[in-house]
Amino acid sequence: MIKMKPASISLNTVEIGIFPELAEGESMTKNAALFAALPVPPSPYGDSIRAPNPKAYPPPTALLLIYYTTKEASGPLVIRMLDTSVGDLDTAEMALFEQAKSGKQGPAWLGEDFAELSWTYPIHISIILDADDHEFFWFDPPGYDPIIFRETKDKPVNGTMQTFRYQPNKSFYDAARTTLVDPTSGKTRHVLRFVNYHRNGKGDELKPLEVANFCMDIQLLVGSHGGQIDLCTIDPDAQNQGPGGMFP
């Protein structure tokens, strides 16, 4: 089961700099000048999301799709969440993408926007960027990752900022970049796939009623005409719940 706690999305944007215009189809992640301008990333908190499944955990049988777009009049940014059982990942992903684009609610629909995600089982996760000049932050060497995990985050509670602590990543692995072609517009869209193997911060199976809280920074590169490139971060919390757990 998946549960999302809806809220306004926290989106932090930092201008990296102005760079020469990219050629048509050229990836921002292949731009040497852009890479040279990036700050050194923080040391990983737990394992990199790009690391392979460390213990040959069995593959999940469900898919969560996170759909990101900037193309709608309802706001500068819309995120929709849908889930389904998965046989062929490509087929399931495209079906959810088409429903997310339409905005039509149905059996797979979870809602819009999020502050926290909760899971009670392992799951494939795909994030699709349905927006021009958007890519996932992904450079070599490893460490320049599209999702990083944080140890602490300050959040308002009853009007006062409080510091929350989170577990290191020992659950989210197998990140891979791919693309899909929108069958309506013909445009190529960037996709990030990874897997939540539903573990705690030590990599162990969750005990009854145990919860493991994680803080993710989903990192995007956003370009614009004129050569400006911004680094945008979306920072949902994530929670794995053990047997018998109840969503908050």
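Starting from 1, each residue takes its place in the sequence as its number. The basis for the numbers below is simple: all heavy atoms, side chains too, and nothing from hydrogens, waters or symmetry mates.
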Check: Ser118 main-chain N/O paired with Gln239 side-chain donor or acceptor under 3.5 Å: no

Donor on one side chain, acceptor on other, Asp230 and Gln228, under 3.5 Å: yes

Backbone of Ala108 reached by a side-chain donor or acceptor of Gln99 within 3.5 Å: no

Carboxylate-amine/guanidinium proximity below 4.0 Å for Glu93 and Arg193: yes

Ring-ring centroid check Tyr57 His198, cutoff 6.0 Å: no

Test: Lys101 and Asp130 ion pair at under 4.0 Å: no

pair Leu220-Leu129: side-chain heavy atoms closer than 4.5 Å: yes

Check: Lys153 side chain, Asp235 main-chain N or O, donor-acceptor pair, under 3.5 Å: yes

Gln241 side chain to Thr120 backbone, donor-acceptor under 3.5 Å: no

Charged tip of Lys155 within 45° of Phe164 ring normal and under 6.0 Å: yes

Residue pair Thr233, Asp217: steps toward the side chain to side chain donor-acceptor pair (under 3.5 Å) verdict: CA-CA 6 Å; Thr233 303; Asp217 277 358; 5.3 Å; no

For residues 138-149, tabulate all N or O donor-acceptor pairs below 3.5 Å that involve a side-chain atom, not counting sequence neighbours.
unit_1, atom_1, unit_2, atom_2, d
Asp140, OD1, Arg50, NH2, 2.6
Asp145, OD1, Arg50, NH1, 3.1
Asp145, OD1, Gly143, N, 3.3
Asp145, OD2, Ser48, OG, 2.7

Pair Tyr173, Asn196: side-chain N/O donor-acceptor within cut-off below 3.5 Å: no

salt_bridge(Arg199, Asp204) N-O dist < 4.0 Å: no

Asn240 and Asn200 side chains, donor-acceptor separation under 3.5 Å: no

CD (Glu205) with more than 12 external heavy atoms under 6.0 Å: no

Taking every non-hydrogen atom, the tightest pair across Ala131 and Thr70: CB-OG1, 3.6 Å

Polar side chain donor-acceptor pair, Asn169 to Tyr45, under 3.5 angstrom: no

